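Counting convention: from 1, in listed order, for ligands and their atoms alike. By convention here, the first residue in the shown sequence is residue 1. On a predicted model such as this, the values are computed, not experimentally measured, just so you know. All values below come from the heavy atoms of this structure, side chains included, with hydrogens, waters and symmetry mates left out.
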Amino acid sequence: MSEFLSHDDTHEHVHSDSSHNNLDHGLNHGHSHDHRHVNAKVLMWCLIATFSFSIVEGIAGWWINSIALQSDAVHMMTDAAGLLIAFVANHIAKRPDNTTLTFGYGKAEALGALINCMFTGFLTLWLLFEVVGRFFDPEVVDGGVLFIVAGLGLLINGAIVFILSRNANSLNIKAAMIHAMGDVLGSVVAIVAGAIIYYTHWSVVDPILSLIVIVLLLVSNYKLIKQSVIVLMSGVPEHLDYEQIGHDLKSVHGIVDVHDLHIWYISANQSALAAHVVACNLDSWPSLLAECQRILLEKYGISHVTLQTEFDDAKCRAAGCCD
Ligand SMILES: [Zn+2]
Ligand SMILES: [Zn+2]
Ligand SMILES: [Zn+2]
Ligand SMILES: [Zn+2]
Ligand SMILES: [Zn+2]
């Protein structure tokens, strides 16, 4: 451990405090709260169920020529991969900072998500290619099997929603639950499609359903890519208002200007801020610094703050703040 990695004492405390509310709450093994273990176990079971069902869907889809089932197999596989990445990244993120990675491993999840998005993107394009072909050259699909497999999917997705709703005490569990509720809806649509094909033999329903799955996959993939890139490119966190934060710092009495303001992600749920602050005089700086830190922590939850002070008598006189 290098001496230069150390934080201020108070600052260190703030860091560990804020980790109580963060997204990876449910996956932290090294903590004494029992529900964390429950959450990790619950998510692991959801992962296994999702992955197993994606295999069943893939095989059934290939067997009855259903491109819709194959598309949903890709979707469920992507869901399982997302859960797995969250697991692995949370373990990696607990490694201590070092002299090469001074911000630690907090961005590992964003990196994993981006790689997952790349694979999903390729698979989705391949599906799109296949689906377009199906419209020109339709294949006979067994609606009965589609109905049964979709029904199985409804049971599994429904069970996942039920289990998660009883354990929804952290943000990542809630996010997983909301996603699974969308998947339940998808299963219902697939059941209806299976019934329509069974009774009417309109096999074109199958590629239409597949197109819906593909569009949803593309939309969620785009959102995930955007979020990951903002984290990895040190962009301003989406929940923070850059202009408002600069304005709040500048409106502290005794501060006449704020510039070179940077706000960025350290990890998926922790932000850092650095700025140049022009103060009226040297004597007031300790109290100004404390006030800035208080605003940033209490109003915006930013605990990793670095402020460089500059003094400008002319600006102070022009602003008339110390008359
Ligand atoms: Zn899903
Ligand atoms: Zn700068
Ligand atoms: Zn400056
Ligand atoms: Zn720090
Ligand atoms: Zn002044």
Side-chain angles (χ1 to χ4, degrees), residues 43 46-58 68-86 113 116-117 119-120 123-124 127 149-150 152-161 163-164 172-190 209-210 212-224 246 249-262 273-285 287-289 291-292 306-323:
L43 281 180
C46 292
L47 195 167
I48 291 168
T50 306
F51 180 75
S52 311
F53 182 63
S54 75
I55 301 287
V56 171
E57 266 191 323
L69 274 185
Q70 290 172 44
S71 303
D72 201 55
V74 169
H75 155 229
M76 294 298 265
M77 192 78 85
T78 306
D79 283 1
L83 285 170
L84 186 66
I85 285 166
N116 188 20
C117 285
F119 283 112
T120 308
L123 283 170
T124 313
L127 282 172
V149 175
L152 186 64
L154 179 65
L155 283 181
I156 288 172
N157 285 322
I160 288 174
V161 170
I163 293 168
L164 292 182
N172 61 336
I173 295 267
K174 273 187 192 134
M177 190 186 81
I178 289 167
H179 181 97
M181 284 162 82
D183 290 354
V184 165
L185 217 68
S187 297
V188 173
V189 173
L209 178 59
S210 173
I212 295 172
V213 174
I214 288 172
V215 168
L216 291 177
L217 263 179
L218 284 176
V219 170
S220 69
N221 210 36
Y222 170 75
K223 279 188 194 159
L224 197 54
L249 291 179
K250 199 176 169 179
S251 52
V252 171
H253 184 80
I255 291 177
V256 284
D257 187 42
V258 173
H259 58 269
D260 204 353
L261 172 63
H262 299 283
L273 180 148
H276 292 198
V277 172
V278 182
C280 291
N281 62 68
L282 183 61
D283 294 339
S284 62
W285 177 243
S287 64
L288 290 180
L289 176 62
E291 176 63 3
C292 289
T306 309
L307 298 176
Q308 167 176 315
T309 176
E310 292 161 14
F311 303 101
D312 194 328
D313 274 340
K315 270 190 179 159
C316 172
R317 259 178 269 119
C321 51
C322 296
D323 295 339

> Residues in side-chain hydrogen bond (donor to acceptor under 3.5 Å, both in side chains) with S54, at least two apart?
Replying inline: none
> Taking only residues two or more places apart in sequence, or in another chain, which ones meet H253 in a side-chain hydrogen bond (donor to acceptor under 3.5 Å, both in side chains)?
Replying inline: none
> At the Zn ion (ligand 3), what angle lies between atom ND1 of H276 and atom NE2 of H259, rounded to 10 degrees?
Replying inline: 110°
> Can you name the closest pair of heavy atoms from F53 and V149 and give their distance?
Replying inline: CZ-O, 3.5 Å
> If every non-hydrogen atom of L209 is compared with every non-hydrogen atom of A190, which pair is closest and at what distance?
Replying inline: CD2-CA, 3.8 Å
Side-chain heavy-atom pair [X], [Y] within 4.5 angstrom cut-off:
X    : Y   : answer
F51  : L83 : no
L127 : V74 : yes
S220 : T78 : no

>> Strictly under 2.8 Å of the Zn ion (ligand 1): which protein N/O/S atoms qualify?
In response: H75 NE2, D79 OD2, H179 NE2, D183 OD1, D183 OD2
> Closest N/O/S atom of E310 to the Zn ion (ligand 3), by atom name?
Replying inline: OE2
>> Can a donor-acceptor pair be found, under 3.5 Å and without considering hydrogens, that links the side chain of N157 to the backbone of G153?
In response: yes
> About how many Å separate CG of L123 and CE of M77, when rounded to the nearest 0.5 Å?
Replying inline: 8.5 Å
>> Quick check for you: to the nearest 0.5 Å, what is the distance between T124 atom OG1 and L218 atom CG?
In response: 5.5 Å
>> Just to be careful: counting only protein atoms that are N, O or S, how many fall under 2.8 Å of the Zn ion (ligand 5)?
In response: 4
